[in-house]
Amino acid sequence: MTTALFVVLAVISVVAGALVFRVDSMARATFLLLLSFLAVAGLVLMTGLQYLGVVIVLMMVIEMVVMAVFMIMYMMNPAGLMPMSMFHNTRGSAVIAATTFVALAGGALLVDWPVRGGAPAPDLTMALGESLMSGQMLTMMTLGVTLFATIVGTVVLAAGRGRYDRLGDELDAPESDDRDRGGVGR
Amino acid sequence: MNLQAFLVVAAALVSVGLFGALTQQSIVMLMMGLELLLNGVILGAAAFWYFLAPAGTEGQVLIVIVVTAMAIEMAAGFAVTTAIYRAKRIDMTDDAAELRG
């Protein structure tokens with residue numbers, strides 16, 4: 001039963017992942033990618049990591065919905081009306097990908113792995129939380145600072161015009177340089 | 001269901017993701033490839049934790065890190081795509097080649 005479930009989820013995750021780059025519709029690609037992610041979340045749940053499995057499910061559903069918005073913004077071949085090749089350097093990439101798979105799978109199968117040491121904590125979520133708030137505190141703080149830097153960086157990158165464009169380098173222009181007049185106090 | 005089976009599936013996901021990231025012309029599709037690659041890393045981390053060192057929490061922490069990295073990759077990637085599209089009307093990797101050596 002467990003083995004059958006594992007095989008089904010493994011096949012879904014890999015086949016859906018491969019189909020992402022075979023279908024010629026970016027909308028289908030997005031939802032196939034979501035299917036692949038959900039299958040992987042199922043495999044993670046099979047190892048007993050309930051909390052992380054559910055986090056992956058929730059995050060991937062939201063992430064793919066966000067991705068669908070950007071996919072529509074930058075769509076190639078919308079509605080199949082502009083058929084075009086979405087690939088470049090297919091042969092070289094296939095060789096690189098196949099070599100990577102052979103190396104990784106060969107390593108996984110040939111290495112003499114150590115035996116399982118210890119037993120899982122009774123409450124895995126509690127153990128993860130305590131670890132993040134004690135021994136792995138530095139990891140957690142680094143993640144927090146990185147996320148904050150991401151927020152600042154993405155806003156700076158995505159903003160078309162900032163206050164220095166409007167009010168000059170010293171922010172002392174008597175009148176803001178806007179395309180359209182309007183707003184408070186003008 | 002054993003460590004080797006999990007790792008082979010993870011290796012397949014990493015390879016498919018790598019293939020996608022290398023072949024796709026659309027920047028959005030390229031990021032889908034990167035996400036798939038990181039997905040393989042998540043599976044590998046979960047397998048290593050479960051089959052080799054279930055007593056510790058390092059495997060779980062690694063999954064948290066990778067999930068965060070996926071979110072950051074999405075956000076930063078789309079911000080860069082938006083910035084480069086606004087500046088040059090480019091949404092394909094082949095056109096964004098000014099840093100080519």
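Residue numbers start from 1 in every chain, and the chains themselves are labelled A, B, ... in the order their sequence lines are given, proteins ahead of strands. Scope of the values below: all heavy atoms of this structure, side chains included, with no hydrogens, waters or symmetry mates.
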Review point. For A53(B), is it the side chain, the backbone, both, or neither that has a heavy atom closer than 4.5 Å to a heavy atom of chain A?
Key: backbone
Exercise for review: Provide the closest heavy-atom pair for A75(B) versus T154(A) in the form atom of the first, atom of the second, distance.
Suggested key: O-CG2, 3.4 Å
**Study point:** Portion of T90(A) that has a non-hydrogen atom of chain B nearer than 4.5 angstrom
**Key:** both
Review point. Do the side chains of N89(A) and T23(B) get nearer than 4.5 Å, heavy atoms only?
Key: no
**Study point:** Per-residue contact mode, L43(A) against chain B (heavy atom under 4.5 angstrom)
**Key:** both
Practice item. Can you tell which part of A94(A) gets under 4.5 Å to a heavy atom of chain B, answering side chain, backbone, both or neither? Key: both
**Study point:** Choice from G40(B), A87(B), A45(B), A5(B) maximising heavy atom contacts with chain A below 4.5 Å
**Key:** A5(B)
**Study point:** Student check: side-chain heavy atoms of P54(B) and L124(A) closer than 4.5 Å
**Key:** no
Review point. Which atom names give the shortest non-hydrogen contact between R86(B) and A158(A), and what distance separates them?
Key: NH1-O, 2.5 Å
Practice item. Check whether M60(A) gets within reach of chain B through its side chain, its backbone, both or neither, counting any heavy atom under 4.5 Å. Key: side chain
Exercise for review: Please tell me if the side chains of F6(B) and V44(A) come closer than 4.5 Å, counting only heavy atoms from C-beta onward.
Suggested key: no
Point to revise | Pairwise side-chain contact, L22(B) with I96(A), heavy-atom cut-off 4.5 Å (strictly under) | key: yes
Point to revise | Region of Q136(A) that comes under 4.5 Å of a non-hydrogen atom in chain B | key: side chain
Check your understanding: Nearest 0.5 Å, what's the CZ-CZ distance between F19(B) and F101(A)?
Key -> 14.5 Å
Check your understanding: By a 4.5 Å heavy-atom criterion (distance strictly below it), what part of T142(A) contacts chain B: side chain, backbone, both, or neither?
Key -> neither
Check your understanding: What residue, out of G135(A), A97(A), G118(A), has the most heavy-atom pairs lying under 4.5 Å from chain B?
Key -> A97(A)
**Study point:** Enclosure of D172(A) CG (heavy-atom neighbours >12, cutoff 6.0 Å)
**Key:** yes
Revision key, fill the gap. Turns out that what part of T139(A) lies under 4.5 Å from chain B's heavy atoms comes down to side chain
Review point. What distance separates Y51(A) OH from Q60(B) CD, expressed to the nearest 0.5 Å?
Key: 10.0 Å
Check your understanding: chain A: which of T57(B), L52(B), T82(B) shares the most heavy-atom pairs with it under 4.5 Å?
Key -> L52(B)
Review point. At what distance, to the nearest 0.5 angstrom, does CG of L143(A) lie from OG1 of T68(B)?
Key: 4.5 Å
Review point. If you count heavy-atom pairs under 4.5 Å between each of E58(B), M74(B), Q4(B), M70(B) and chain A, which one has the most?
Key: M74(B)
**Study point:** Proximal component of A121(A), with respect to chain B [non-hydrogen, under 4.5 Å]
**Key:** backbone
Revision key, fill the gap. Interatomic distance, CD@Q24(B) vs OG@S93(A), rounded to 0.5 Å, equals 9.5 Å
Revision key, fill the gap. Whatever's closer than 4.5 Å to a heavy atom in chain B on L128(A) counts as both
Return a table of donor-acceptor pairs under 3.5 angstrom between the side chains of residues 5-14 of chain A and protein atoms on other chains or two or more places apart.
residue : atom : partner : partner atom : Å
S13(A)  : OG   : L9(A)   : O            : 3.4
S13(A)  : OG   : A10(A)  : O            : 2.8

Review point. What pair of heavy atoms forms the shortest contact from M67(A) to F78(B), and how long is it?
Key: CG-CZ, 3.9 Å
**Study point:** Options V16(B), V61(B), V9(B), ranked by heavy-atom pairs under 4.5 Å with chain A, top entry
**Key:** V61(B)
Practice item. Please indicate whether M140(A) has more than 12 foreign heavy atoms, meaning atoms of other residues, nucleotides or ligands, lying under 6.0 Å from its CE. Key: no
Practice item. Heavy atoms only: give me the nearest L7(B)-W113(A) pair and the separation to one decimal. Key: CD1-CZ2, 3.6 Å
Review point. Should M64(A) and E35(B) count as side-chain neighbours, where that means a heavy-atom distance under 4.5 Å?
Key: yes
**Study point:** Closest contact, heavy atoms only, A11(B) versus L104(A)
**Key:** CB-CB, 3.6 Å
Review point. Non-hydrogen atoms of chain B under 4.5 Å away: do they reach the side chain of L109(A), the backbone, both or neither?
Key: both
Review point. Picking from V14(B), N2(B), V8(B), which has the most non-hydrogen pairs under 4.5 angstrom with chain A?
Key: V8(B)
Point to revise | Listed partners of Y50(B) passing ring pair (Phe, Tyr, Trp, His ring centres under 6.0 Å), at least two apart | key: none
Revision key, fill the gap. Whatever's closer than 4.5 Å to a heavy atom in chain B on A159(A) counts as backbone
Review point. Do M71(A) and M29(B) have side-chain heavy atoms sitting under 4.5 Å apart?
Key: no
Review point. So, for F70(A) and V28(B), which heavy atoms are closest and what is the spacing to 0.1 Å?
Key: O-CG2, 4.2 Å
Practice item. Specify which of I42(B), V64(B), N39(B) makes the most heavy-atom pairs with chain A at under 4.5 Å. Key: N39(B)
Exercise for review: Check whether I72(B) gets within reach of chain A through its side chain, its backbone, both or neither, counting any heavy atom under 4.5 Å.
Suggested key: both
